[in-house]
Amino acid sequence: MADVLSAFSKLSEKHEIMKAIKKSLEYIDSRAVYVGIPQKNNSRERSSEEGPSQVTNAELLFIHTNGSPINNIPPRPVIEPAIKSDQQRLNKMFNEATISVIKGKCSEADKKLEEIGIRGQNVSRAWFTNPDNGWAPNSPVTIKAKGSSRPLIDTGELRKSITYVVDKGGKR
């Protein structure tokens, strides 16, 4: 009889551990980190001579990410390749957040998710000047018109509009 009670006790402990792990995984799974251009950072400032902007920051990033053959704009993706270039470090940070949750330190995990967002934002912004970005150079016409040979950098507004959001409400 003692063996049966001991086995039952061990089974009960394992069940409680599994419930805690499941709860931890549900917690971390309910969070998401997004890097991009939120609606509030979407409008573009223009000088009064230029009139109101017809293109938002998000639309402009989309155009540059995919290119526009009709406008002679080559693809110059930003967020995806920047995140991919830092994937090893970001994965390590996600693992640390998951371990914090498993240890019952949810607020520590949430802080780590904020750090992940900041890192994703920063590597994306840095991609504009990263020599490994592989972007096509500006055409001579563009260089003459804007007075710079640096692709996608004129006012810096597009770059500054890239930020992050930690969604604590659930998967989208």
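Residue numbers start at 1 and run along the sequence shown.
Between K23 and E26, no side-chain nitrogen of the basic residue sits less than 4.0 Å from a carboxylate oxygen of the acidic one, so the salt-bridge criterion is not met.
Rounding to the nearest 0.5 Å gives a distance of 7.0 Å between CG of L61 and OG of S161. Note that CD1 of I116 and CG of N91 are 9.0 Å apart. Values are rounded to the nearest 0.5 Å. Rounding to the nearest 0.5 Å gives a distance of 11.0 Å between OG1 of T56 and CZ of F62. Taking CZ from F94 and CD1 from I28, the interatomic distance works out to 8.0 Å, rounded to the nearest 0.5 Å. For the atom pair K111 NZ and E114 CD, the distance stands at 11.0 Å (nearest 0.5 Å). In this structure, the separation between CG on L90 and OG on S85 is 8.5 Å, given to the nearest 0.5 Å.
Although no hydrogens or angles enter the test, the distance criterion places a donor-acceptor pair under 3.5 Å between the side chain of R76 and the main chain of A136. A donor-acceptor pair under 3.5 Å links the side-chain atoms of N133 to the main chain of W127, judged by distance alone.
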Just do the salt bridge (Lys or Arg N to Asp or Glu O under 4.0 Å) check on K19 and E16 with the steps written out, would you? CA-CA 5 Å; K19 278 181 21 182; E16 290 303 314; 3.5 Å; yes
Kindly indicate, with the supporting measurements, whether the criterion side chain to side chain contact (heavy atoms under 4.5 Å, CB included) is fulfilled by R159 and V78. CA-CA 9 Å; R159 180 171 45 176; V78 177; over 6 Å; no
Assess the residue pair D154 and S148 against the criterion (side chain to side chain contact (heavy atoms under 4.5 Å, CB included)); give the C-alpha distance rounded to whole Å, side-chain angles, the decisive distance to 0.1 Å, and a yes or no. CA-CA 8 Å; D154 195 2; S148 171; over 6 Å; no
Side chain to side chain contact (heavy atoms under 4.5 Å, CB included) between V141 and N72, intermediate numbers included: CA-CA 11 Å; V141 172; N72 285 333; over 6 Å; no
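By the criterion of side-chain heavy atoms lying less than 4.5 angstrom apart, applied directly or through intervening Ile, Leu, Val, Met, Phe, Trp or Tyr residues, M93 is grouped together with Y164 in one hydrophobic cluster. Linking ILVMFWY side-chain heavy atoms closer than 4.5 Å, directly or via other members, places I37 and V55 in a single hydrophobic cluster. Linking ILVMFWY side-chain heavy atoms closer than 4.5 Å, directly or via other members, places I99 and L113 in two distinct hydrophobic clusters.
Legend: salt bridge (Lys or Arg N to Asp or Glu O under 4.0 Å) pairs involving residues 80-102, not counting sequence neighbours, sorted by first then second residue: D86-R119, E96-K112. Sorted pairs that involve residues 126-146 and meet salt bridge (Lys or Arg N to Asp or Glu O under 4.0 Å), not counting sequence neighbours, are lacking altogether.
A cation-pi contact, defined as under 6.0 Å to the ring centre and within 45° of the axis, is absent between R125 and F128.
Checking Y27 against D110 by side-chain atom types alone, a donor-acceptor pair falls below 3.5 Å.
Among the candidates N57, V165, I162, the single residue satisfying the side chain to side chain contact (heavy atoms under 4.5 Å, CB included) test with P38 is V165.
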